[in-house]
Amino acid sequence: KDAARKEMMRMSKQQVLEAIKKHKTFLIAAHINPEGDSIASQLALQRLLSAMGKEAHIVNADKVPANLLFLPHVDTIKTMPDISDEHRDFEAAVIIDCPNKDRTGSVQELLDGKYIINILICFLAAFLTASAGHTLNDWKDVEIDKINCPERAIPSGRISRNAALI
């Protein structure tokens, strides 16, 4: 257990980003009995990885709590008994808000021999909040940015205003 804990806790922000760039397929998991912060973080990370052209599947030991079933894309979250072979075939696992592999419950069996990226919610939240803030600023200031920063994704037309909000 100590080895697993050390393995999961020794990554800097730069190492996490490099690992995400390096790998193409991901499993995203959280601790047993996940709450809203874990579920929302998993969904946000899945969307981010997908936007980067990566493949990411969310698998948890326990079902999504009933009070969170309203979240967009929550139907993509699988539990261990419901997974298919595609959920078992990944290069790296991203474990969210979990101090060690043991806390992932039955998902732990998928992690053996895999590259593991452990992200605490505070790191993920800071990154996603900053990204959302920049996106909303670009969305709101699109007319000004067409003049001052035409190379940005929204003013250049590489991303539509509606797509930026998704």
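For reference, positions follow the sequence shown, starting with 1.
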Exercise for the section: Considering non-hydrogen atoms only, spot the tightest contact between L110 and F90 and give its length. Expected result: O-CZ, 3.3 Å
Problem - M80 reachable from I32 in the ILVMFWY side-chain graph, under 4.5 Å edges - result: no
Practice task
Measure from the ring center of H23 to the ring center of Y115 and say whether it is less than 6.0 Å.
Solution key: yes
Handout entry: Heavy-atom side-chain proximity of D37 to I96 below 4.5 angstrom
Key = no
Problem - Audit row: D112, K101, side-chain contact (heavy atoms from CB on, under 4.5 Å) steps and yes/no - result: CA-CA 9 Å; D112 290 337; K101 291 192 287 188; 4.1 Å; yes
Problem - Nearest-0.5 Å distance, CD1 of residue I117 to CZ of residue F26 - result: 5.0 Å
Problem - Within-4.5 Å side-chain heavy-atom neighbours: R47 and S50 - result: no
Practice task
Verify side-chain contact (heavy atoms from CB on, under 4.5 Å) between I39 and N60, making sure each step is shown before the conclusion.
Solution key: CA-CA 9 Å; I39 298 294; N60 287 328; 3.8 Å; yes
Problem - Heavy-atom check, side chain of E91 versus side chain of T25, under 4.5 Å - result: yes
Practice task
Give, for atom CD of Q108 and atom CZ of R103, the distance between the pair rounded to the nearest 0.5 Å.
Solution key: 12.0 Å
Completion exercise
Nearest heavy-atom approach of G105 to A61 is CA-CB, 4.2 Å
Exercise for the section: To the nearest 0.5 Å, tell me how far I116 CD1 sits from C98 SG. Expected result: 10.0 Å
Problem - Non-hydrogen side-chain atoms of V107 and I95 separated by less than 4.5 Å - result: no
Handout entry: Within 6.0 angstrom of K54 NZ, more than 12 heavy atoms from elsewhere
Key = yes
Exercise for the section: Compare every heavy atom of Q42 with every heavy atom of A30, then report the nearest pair and how far apart it is. Expected result: N-NE2, 3.3 Å
Problem - For I77, the option from I58, D82, I28 that meets side-chain contact (heavy atoms from CB on, under 4.5 Å) - result: I58
Fill in the blank from the handout: Distance col, row S106:OG vs D62:CG, nearest 0.5 angstrom, shows 7.0 Å
Completion exercise
Hits for salt bridge (Lys or Arg N to Asp or Glu O under 4.0 Å) against E151, two or more places apart or cross-chain, chain-then-number order -> none
Handout entry: Closest heavy-atom pair and its distance - A56, L49
Key = CB-CD1, 3.8 Å
Problem - Nearest-0.5 Å distance that lies between atom NZ in K63 and atom CG in N33 - result: 13.5 Å
Exercise for the section: Dump the intermediate steps for side-chain contact (heavy atoms from CB on, under 4.5 Å) on E109 and R88, then the final yes or no. Expected result: CA-CA 10 Å; E109 72 182 63; R88 294 178 183 277; 3.9 Å; yes
Exercise for the section: Treat each ILVMFWY residue as a node, draw an edge where side-chain heavy atoms are under 4.5 Å apart, and state whether I147 and V142 are in one component. Expected result: no
Practice task
Please name the pair of heavy atoms, one in L43 and one in P72, separated by the smallest distance, quoted to 0.1 Å.
Solution key: CD1-O, 3.6 Å
Exercise for the section: Output the distance between atom CG (L48) and atom CD1 (I20), rounded to the nearest 0.5 Å. Expected result: 7.0 Å
Handout entry: Pair E18-Q14, side-chain donor/acceptor within less than 3.5 Å
Key = yes
